[in-house]
Amino acid sequence: MMHLEVAVAAPVTETFTYSFSGEHGSLQPGIRLLVPLGKRQVTGYLLAIHLAAPTEYKIKPVTEILDQEPLFPASIIPFFRWISRYYRYPLGEVIKHALPGGLTSQSGKKIYLTAEGSNALPQFLEEYKGTAPTWIAQLLHKGSLTPAAVRKIKTPKWKKQLEKWQAEGLISIEDLISSGQTKAKTEICISVNTPLSSTELSTLKPSEKKTFLLLTELQQTSLADVPRKELVHIYPGAAKAVINLEGKGIVSFSTRQIFRDPFGEQPPHFEKPVTLTEEQQAVMSHLSPFLHRKEFATFLLHGVTGSGKTEVYLRAAEEVCRRGRAVLILVPEIALATQMEGHFFSRFGQDNVAVLHSGLSTGERYDQWCEIAQGKTQIVIGARSAIFAPLKDPGLIIVDEEHDGSYKQDDSLRYQARDLAVLRGSQQKCTVILGSATPSLTSFYHATKGKYQLLSLHKRVADRPQPEVTIVDLKKTKPIAGLPPLFSPLLLEAITSNLEQNNQSLIFLNRRGYANLLLCSDCGNPVQCRHCRVSLTLHKEKKTLICHHCGHTAKSAILCPHCRSHHIKEIGFGTERIEAELHQRFPTATIARLDRDTAGSRSSFLKILKAVHNREIDILIGTQMITKGHHFPHVTLVGIIWADAGLGIPDFKAGERTFQLISQVTGRAGRGEKPGKVIIQTHQPDHYAITCARQHDYLSFYHKERQLRKMLRFPPYSRLINIRFSGESEENVNQAAQLISRQITRLSVSSAVTVLGPVASPLSKLRGRYRWQLLLQAHRYQDLHAVCDSLAQAPPALIRSGKVKMSVDVDPENML
DNA sequence: AGCACGCCGACT
DNA sequence: GTCGGCGTGCTC
Ligand SMILES: [Zn+2]
Ligand SMILES: [Zn+2]
C-alpha cells in the first residue's frame, strides 16, 4: 500500500494524500490521477509517492490513473511549489495553468430521456407555461443533455426534480468521466512502394492505374508522402483504388502529424555567420565557462537593437546542447511567429526545435508538450507560458526582450515569466540570459548590484549608424481648428520625400480605432461602455463602437444615452484615423495598417509583414505590434505620432514603458543599407523618457528613473503587492477594501509595511464589476506575505460570501 | 470551486 | 409544521 501526495485542481491550499494499492511500478510523479474530492471526482497531479504511514485524517483510494507517461518531470515540482507560495495561488491550479489546455478531466452526468419521459414531459412543460428552464425543452427535443448542460443546472429545486424524474423512470442519469484527453492531429498519407513497369501497369484497373500515376507524379513534385485527402480531392475515384493498391502491396499507408503552416511556406533560413564581432566574441568568452558548468548564473545581455544578440543566444544554445542539456527560449508573444523561430530552425533543424505558440490547436500543443516531456525535443521556444515547459534538465534559459510587458500574466495566476526564468535557473542549476536593448529597471539594478552579470553589445552589426532622431514639439505646431494637427509639417515633408525616393515609412501610434472619445455636443456627456467606466472607441471600418477593455460592441449609429441627441463629436484618434488621413494626403501611396484589428490572427499578421518585406507597402501604420523583433530593411523613416501618450497613465512604470517603446520604435529605422531617420512628435519634448530615447542613452534614463523610484520607494527599492477588490456593488467593494485596509494597519505593528490606499482603481468599473485596490509596500517581500497570510486566516464576511472578490497581485506591473 | 449542512423566514 | 433561501465550512 502506497500513499500518494496529490495536488488537486481545486482552490485548496494543501496537497492531499490518497492511497494506492495496485501495481505501483507504473506510478511516477507528474502523472494525472482521478481522485475523489468530497462527493465529486477531480483531476489530481501526482507529486510524490510514500510508504503508507498512519494519519490523523481518513485516506481515500485513487479512483483511476490517467496517464502512463508523466506530463512533467519530478525536477519541476519544487518550481510549482514555489510559484504556489509566492503568487499565492493553489498548487493544483498552478499545475493546471502550466499544463497545456484540454487535459483536466471532470466528472459529469449525462441525462437521457426514457420513453415514459418523452410522454410525460410535454405535459409538464405545458403546466409550467413559459417559466420552465430552457434545458427541459432541450432535453425533450434532443432526448439527452450533455454534461456541460447538466452542470449548468444549479438550483436545488430543479436538481430535486431531476432526482424525482429518475426515481419515476422518466429519465436515466449516466455518470461519466470526460477524459479531457486531447489527441494528436494526424492525416493518412500514401506512398508508392516500388515503381511499376508498363506491363505491370497494364494489369491494373483503369481507376487504379490513374491513381497510381497521379500518386507518382504528386510524390515527385512534393518529395513527400501524399495526403489521402489531397489525392481524393483531385481524383475522387482514388478513394477506393488506393485500398486495392495497398492490398496488392503497391502502395502503403502511413499517418503523419499535420503540420499547419499559416503560409504554407517555410520560415526564412539564416546562415550561420562565419565570424563574430569583437564584442560578441568577448561576450561569448565570458559566458562559455558558465555554460559548461552545472551551476546557476544569471546574465543581463544589454545589446542595442541590431547588435547581434540573437547570434549570442544561438552560440550559447549550441554549447549547452553539445553538453546534452536542454535550452528554453522565451520571446514576447507577438514576436513569436517570426525571426527567432527561423534562426533556431536554421541552426538546429526544424525537428529539433519545439515551438509553443498560440496558433497551435489543443491537439498540436499537447503533442509538442509530450515530445518535450519525453525528452525528444531539447530546444523549446515559446511565449510567457513556455516557462513551464516540461524539460527535465534545462541548461540554459533565454529571455529575449526581457523588459517586455507580456511576460507578466495579468489575470488569475499573476506570474512574471522573466522572474520565474531566474528562479527556475537557480532551482535547476542552469545559466539564465536576459536580453534587451532597454532592460527593465529592476534587471539593470540587479546587474549593477552584482546579482546578475552584465554583458554589453554597444555596436550595431556592420557598424550601421544609429538613426537620426528629431523631436517635434506639438505645443508649438500650428493648430488646426484649435487642436494640434496629427502630423507636423516636418513629418509630412519627410513622408513625401520618402515616397519620392521609393523608401518605406513606418508610422507608430499605440492606440487602435478611429476616435477614442465620443462626446455629445448637446449635453456634453461621453458615450461609455455599458459594462465599464470607459469611453467607447469608434471603429469606422467595422461601423461599430468597441470597448477596448471588455470587448463590448455597439452599433455606431448612435444616440447620446443621456439626451438622445444625434450630434456626437468624434474626439481623439487612433491608428484607423491616422490611416484615413494619410490616405487623403497621399492618395497614390499604398498604405497598410498593422494592429489587432487588421492582424488579429497569426496568418493575417504574417501576411502584412510579408507585404512590407516585399516592398508592396509604402507606409505602414501600427501599434506596438510593429515593434517586436521584425526587421524592415527598407524602412528609412519612422514617425511617432504621440510619444507621450503613455506618460499620463497613473502607474510607476509609465516612464519606463514610454522609454522602452520609443527606443524600440526608433530602432526600426535604418536596419538595412540605407540610413534611418526618426521623427518623434510629443507634447512633452523635455521629458527624460523622450530625450533619453532620442539620444539612444539607456544609462542616463536608468539613472534618472532610478532616483525617482528611490525617492518614491518603488521597485527596485521596495516590493509591492496590490490587493484588488471587485464586485457588483460599488458600496460592498469599497467597504471590503476599507475593512481590509484597517485590518492590515492593525496587524502590521512594525512599520515594515506601508499601506497605500485603498483607492478606486483607475479603471473603476470593468465588465460590470466595480473595482478598488490597496497597494502594500515593503522592503522585504516576506513582510508583505506575512500580512497576506494573516488576511487569509480571517477574511471578512463580504469576501467569504463571494460578494466581493479579493485577489492578490504580487509584483504588480499594471495598476489600472 | 462544488457540495452539504444548518439555520431562519414564509408558505401550505 | 416543511420548503427553500443563503451563510459557513470542508474537501485527503
Ligand atoms: Zn447628450
Ligand atoms: Zn467595456
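None of the values given here were measured: they were computed from a predicted structure. Note on naming: letters A, B, ... go to the chains in the order of the sequence lines (proteins, then strands), and numbering restarts at 1 for each one. When reading the values below, keep in mind they use all heavy atoms of this one structure, side chains included, and skip hydrogens, waters and symmetry mates.
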Any [X] side-chain N or O less than 4.0 Å from OP1/OP2 of [N]:
| X | N | value |
| --- | --- | --- |
| A:Lys803 | C:dG7 | yes |
| A:Lys60 | C:dC12 | yes |
| A:Arg40 | B:dA1 | no |

Would you kindly give the [atom1]-to-[atom2] distance between [X] and [N], to the nearest whole Å?
| X | N | atom1 | atom2 | answer |
| --- | --- | --- | --- | --- |
| A:Glu5 | C:dC12 | CD | P | 15 Å |
| A:Lys39 | B:dA4 | NZ | P | 6 Å |
| A:Phe16 | C:dC12 | CZ | C1' | 6 Å |
| A:Arg800 | B:dC3 | CZ | P | 22 Å |
| A:Lys96 | B:dA1 | NZ | P | 11 Å |
| A:Ile799 | B:dA1 | CD1 | P | 13 Å |
| A:Phe20 | C:dC12 | CZ | P | 18 Å |
| A:Gln41 | C:dT11 | CD | P | 16 Å |

- Query: At under 4.0 Å between heavy atoms, what does A:Thr17 touch on the DNA or RNA strands: base, sugar-phosphate, or nothing?
  - Reply: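 Base, at least one base heavy atom under 4.0 Å.
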- Query: What does A:Tyr18 touch in the nucleic acid at a heavy-atom separation under 4.0 angstrom: a base, only the sugar-phosphate, or nothing?
  - Reply: sugar-phosphate
- Quick one: list whatever passes side chain to side chain donor-acceptor pair (under 3.5 Å) with A:Thr15, sequence neighbours left out. A:Glu5
- Task: Assess the side chains of A:Gln793 and A:Asp789: does a donor N or O sit below 3.5 Å from an acceptor N or O?
- Result: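 Side chains of A:Gln793 and A:Asp789: no pair found under 3.5 Å.
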- Item | Cation-aromatic face contact A:Arg384/A:Tyr407, 6.0 Å, 45 degrees |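 No.
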- According to the interplanar angle, ranging from 0 to 90°, do the rings of A:Tyr86 and A:Trp82 count as parallel (below 30°), tilted (30 to 60°) or perpendicular (above 60°)?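 It falls in the parallel class, under 30°.
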